[in-house]
Every structure is written in structure tokens, then in C-alpha cells.
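All values below come from the heavy atoms of this structure, side chains included, with hydrogens, waters and symmetry mates left out. Worth saying up front: this structure is predicted, and the values here are computed from it rather than measured. Here is the naming used below: chain letters follow the sequence lines, and residue numbers restart at 1 for every chain.
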Number of protein chains: 2
Amino acid sequence: MKFSVKTEYGLRALIELASQATRKPICAREIASRQDIPERFLEQQITSLRKAGLVNSQRGAGGGCSLARAPEAITVLEVIEALDGPVMNMDCISQSGSDCRQSTQCVIQELWLESQVQLRGYLGSVTIGDLASRQHEKADRGLTYTI
Amino acid sequence: MKFSVKTEYGLRALIELASQATRKPICAREIASRQDIPERFLEQQITSLRKAGLVNSQRGAGGGCSLARAPEAITVLEVIEALDGPVMNMDCISQSGSDCRQSTQCVIQELWLESQVQLRGYLGSVTIGDLASRQHEKADRGLTYTI
DNA sequence: CCCAAATCCTAGATAGTCGGTCGGATTTGT
DNA sequence: ACAAATCCGACCGACTATCTAGGATTTGGG
């Protein structure tokens with residue numbers, strides 16, 4: 001019961017993109033080196049994010065990727081589901097045959113379902129924009145303290 | 001991002017125990033056959049539940065296991081953590097060395113932490129008693145319809 | 001006192017997933 | 001033409017999840 005590093009890498013990459021003032025695309029190599037993420041691995045996650053419509057990517061020299069929407073319009077939930085598949089998917093057991101009504105399995109399915117609703121509700125309410133601004137606050141405060 | 005079958009089996013076993021009118025212990029074999037769960041596997045989960053203090057077990061002939069507390073006093077969260085370890089544990093990355101303040105990792109840690117709080121909050125609010133009574137309602141309704 | 005029934009403990013076996021690497025094909029600006 | 005970048009798919013080692021198995025230990029009943 002934990003999130004994968006794929007999603008962590010993906011989120012960090014998107015935060016990096018959101019923090020970028022310029023709207024020019026940044027290449028995977030640069031994000032990877034700045035965030036200290038294995039380059040070829042991050043490449044794959046970026047491809048997944050593109051297929052999910054969260055980033056645009058430009059091939060060839062001078063290419064790279066950029067956010068497909070405003071950071072405030074990309075939720076953490078979308079990122080997770082793009083990289084890890086459905087949050088808490090339950091391949092429901094009671095297909096066709098078994099009578100669900102008197103089975104304890106069904107009650108537990110409902111429990112999982114409600115857990116999913118709770119978690120997705122929260123994750124869907126946080127955006128990349130939120131994360132980026134939180135991180136900036138942190139960085140600023142860190143600066144103030146240390147100077 | 002999903003729960004294991006260990007926890008599903010554990011929950012079903014506990015619901016079975018809670019549904020039992022008599023307070024006499026039931027053996028793992030019987031629970032397993034009634035719930036259609038691999039017997040030797042369920043045995044192991046019951047042992048874990050005992051170590052977590054959720055069930056009592058009696059060895060020897062005529063032995064078995066029974067709930068250690070009232071069904072309303074056992075939360076789903078406890079069961080999950082007994083069988084699967086901490087829900088969404090994050091072995092925090094920023095131990096000692098790295099400066100957390102300006103790292104995006106820290107923002108994400110906080111995101112995971114808040115997700116954990118949300119999920120644990122819900123799971124801690126549902127008890128075995130709740131699940132057992134929900135299941136009975138289902139069974140009763142099913143009966144009414146089919147008769 | 002012995003036996004059968006039950007839990008307990010430990011060690012696998014097997015299959016799948018996760019994190020990561022790699023070779024190379026393709027696109028594209030200079 | 002060349003270098004920089006994405007894209008595609010295969011592969012790999014390590015780990016985990018599910019389940020099986022052997023046997024030690026406890027315990028009530030005849």
C-alpha cells in the first residue's frame with residue numbers, strides 16, 4: 001500500500017516544468033539531472049504523461065517537453081493514474097457466477113470502493129500548481145533563514 | 001496501489017467470527033472452508049492477527065480462534081496494518097544529509113503524508129462490527145427478495 | 001496414556017511486479 | 001549532414017505476493 005517511484009519522479013518532473021518561468025520546452029536529460037533521476041527511466045514516464053495528455057513533447061534537436069495545461073489544471077490524481085494505472089483498482093471478483101448478496105466479499109468490495117473514493121477525492125483536489133507554489137514557499141523560507 | 005488478499009482474507013475471517021452467535025472458538029479449517037480461502041494460508045494470517053492482539057487462539061483439540069474484543073472495537077485499519085504493515089508507509093528519503101527545504105521531494109513527502117492521513121482516517125472509522133452488520137442486511141434483503 | 005485435532009513455526013516455490021538499463025529507430029533544428 | 005532529442009520495445013535483477021509443505025507443539029477426550 002504505497003505509491004511508486006514512477007509517480008514520484010513524474011510529479012517532480014512536472015513541478016520542475018511548472019517552476020520554469022519560460023515556456024520553452026525542457027529536455028528530459030535536463031530535468032533528470034536537475035532532479036537527480038535516472039534519465040532513460042524518466043524518459044519513459046514522460047512518454048506516459050504525454051500519452052495521458054498531461055505534457056506536450058517536441059522531438060528533434062532543441063526539443064523537449066512542456067506542460068499541456070496550466071499547472072493548476074493538472075491534478076495529482078491524473079498524474080498517478082497516468083503512471084501507475086487506476087488508484088486502488090479492484091478487479092471485482094463477483095463477475096457473473098457467484099451470488100454477491102450473501103457473500104462477505106461484496107461488503108469488502110464496498111469498503112475498498114469507499115476507500116478509493118476518499119483517496120481519489122483528496123488526490124484530485126491537489127494540483128501541480130499547488131505543489132509548485134508550496135515548494136517555492138519552502139525555498140524562500142529556507143533562504144530567509146540561512147541569510 | 002491496492003490492498004492485498006491477505007487483508008481481504010483476514011477481514012472475511014473476522015467477519016465470520018463476528019457473525020458467529022456462540023462465543024466458542026472456531027478453527028481455521030472451518031473458516032477457510034466456509035469462506036473458500038486456502039487453509040494453510042489463512043492459518044498464517046490468523047497467527048498475525050493474534051500477534052496484533054485482535055484474536056485469541058486456543059491450541060489443541062477443540063481449539064480455534066475467537067475475537068479478542070467486541071467487533072465494534074476492531075477497526076479495519078488495525079486489521080490492515082496487522083497483515084500488511086503500515087498503510088502507505090514512506091521510508092522518508094531525507095534522512096540526515098540532504099537539505100529538505102528546497103527539494104521537491106519534501107513537498108511530495110507531505111503530499112503522501114496527507115494522503116495517508118485521509119485514508120487512515122477513513123479506515124480507522126470502520127469496524128468489523130460495521131462490516132458484519134452490513135453483510136447481514138444484505139443477506140436479509142436477499143432472502144426477502146428471493147422468497 | 002495415547003491419539004487426533006488443532007495451532008505454531010519455518011522454509012520454500014512460483015509467478016508477477018518494480019526499478020532500471022540498453023540498443024536502436026525516428027524526428028528535427030542548425 | 002550531424003547532433004540532439006523523443007520514441008519504441010526488449011530485457012534484467014531484485015524484490016514481493018500468494019500459496020504450499022513439513023513438521024513441532026499443545027491439548028482435550030476416550
Side-chain angles (χ1 to χ4, degrees), chain A residues 1-13 17 24-68 80 82-86 88-91 93, chain B residues 1-13 17 24-68 80 82-86 88-91 93:
Chain A
M1 212 37 210
K2 56 188 301 193
F3 295 107
S4 71
V5 292
K6 278 194 277 192
T7 64
E8 186 191 315
Y9 291 167
L11 287 172
R12 282 163 62 189
L17 288 177
K24 277 199 308 186
I26 312 178
C27 68
R29 172 186 296 269
E30 188 169 343
I31 300 177
S33 87
R34 274 203 254 181
Q35 288 281 337
D36 194 32
I37 295 173
E39 182 185 335
R40 300 296 299 269
F41 191 49
L42 179 61
E43 237 180 65
Q44 296 173 8
Q45 315 319 322
I46 290 180
T47 300
S48 298
L49 293 174
R50 175 184 57 82
K51 286 177 180 166
L54 302 183
V55 305
N56 294 322
S57 60
Q58 167 87 21
R59 299 178 69 164
C65 64
S66 53
L67 296 183
I80 294 176
L83 296 176
D84 264 349
M88 270 202 273
N89 71 323
M90 49 210 113
D91 9 338
I93 303 150
Chain B
M1 214 35 209
K2 58 188 299 195
F3 294 107
S4 71
V5 291
K6 278 194 278 190
T7 65
E8 186 192 315
Y9 291 167
L11 287 172
R12 281 163 62 190
L17 288 177
K24 278 199 308 187
I26 311 178
C27 69
R29 173 186 294 268
E30 188 170 344
I31 300 176
S33 88
R34 273 203 255 182
Q35 289 282 337
D36 195 32
I37 296 173
E39 181 186 333
R40 301 296 301 268
F41 192 49
L42 178 61
E43 237 180 64
Q44 296 172 8
Q45 316 318 321
I46 290 181
T47 300
S48 298
L49 292 174
R50 176 185 56 82
K51 286 179 179 164
L54 301 183
V55 304
N56 294 322
S57 61
Q58 167 86 22
R59 299 177 69 166
C65 63
S66 52
L67 296 184
I80 294 177
L83 296 176
D84 264 348
M88 269 203 273
N89 71 322
M90 48 211 112
D91 10 337
I93 303 152

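- Rounded to an integer number of Å, the gap from A:Leu42 CG to D:dC7 P is 12 Å.
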### Message
With side-chain contact (heavy atoms from CB on, under 4.5 Å) as the criterion, how do A:Ile31 and A:Leu17 come out once you've worked through the C-alpha distance, each side chain's angles and the decisive distance to 0.1 Å?
### Response
CA-CA 8 Å; A:Ile31 300 177; A:Leu17 288 177; 3.9 Å; yes
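- Across every non-hydrogen atom of A:Gly53 and A:Ala68, the tightest pair is O-CB, 3.5 Å.
- Side-chain contact between B:Arg34 and B:Ile26: present, with at least one pair of heavy atoms (C-beta onward) separated by less than 4.5 Å.
- Among residue pairs with one or both ends in residues 44-67 of chain B, none qualify as salt bridge (charged side-chain N to carboxylate O under 4.0 Å, His left out); sequence neighbours excluded.
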For nucleotides 15-19 of chain D, list the nitrogen or oxygen atoms of the protein found under 3.5 Å from its nitrogen or oxygen atoms, one pair per line.
from, atom 1, to, atom 2, distance (Å)
D:dT18, OP1, B:Val5, N, 3.1
D:dC19, OP2, B:Tyr9, OH, 3.1

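- Between A:Ile80 atom CD1 and B:Met1 atom CE the span is 7.5 Å, to the nearest 0.5 Å.
- Near DNA chain C, defined here as any heavy-atom distance below 4.0 Å, the residues from residues 49-65 of chain A are A:Gln58, A:Arg59, A:Gly60, A:Ala61, listed numerically.
- Judged by distance alone, with hydrogens and angles left aside, A:Arg40 brings no side-chain donor or acceptor close enough to the base of D:dG9 to form a pair under 3.5 Å.
- Considering only residues two or more places apart in sequence or on other chains, A:Ser33 meets the side-chain hydrogen bond (donor to acceptor under 3.5 Å, both in side chains) condition with none of them.
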### Query
What do the steps show when you test B:Phe3 against A:Met88 for side-chain contact (heavy atoms from CB on, under 4.5 Å), and what is the final call?
CA-CA 7 Å; B:Phe3 294 107; A:Met88 270 202 273; 3.3 Å; yes
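- Residues A:Gly10 and A:Leu83 approach most closely at CA-CD1, 3.7 Å, considering heavy atoms.
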### Task
Evaluate the side-chain contact (heavy atoms from CB on, under 4.5 Å) criterion for residues B:Ile37 and B:Arg12: first the C-alpha distance (whole Å), next the side-chain angles of each, then the deciding distance (0.1 Å), finally the verdict.
CA-CA 9 Å; B:Ile37 296 173; B:Arg12 281 163 62 190; 4.0 Å; yes
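- Expressed to the nearest 0.5 Å, how far CD1 of A:Ile46 lies from CG of A:Leu54 amounts to 12.0 Å.
- The stretch residues 24-36 of chain A touches DNA chain D through A:Cys27, A:Ala28, each having a heavy atom under 4.0 angstrom from the strand.
- Of all the heavy atoms in A:Pro25 and A:Ser66, the pair that sits closest is CA-CB, 4.3 Å.
- Mapping heavy-atom proximity under 4.0 Å, the span of DNA chain C touched by chain A runs 5' to 3' from C:dG19 to C:dG29.
- Scanning all heavy atoms of the two residues, the minimum distance from B:Ala28 to B:Leu42 falls at O-CD2, 4.0 Å.
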### Task
Walk me through it: do A:Lys6 and A:Phe41 pass the test side-chain contact (heavy atoms from CB on, under 4.5 Å)?
CA-CA 9 Å; A:Lys6 278 194 277 192; A:Phe41 191 49; 3.8 Å; yes
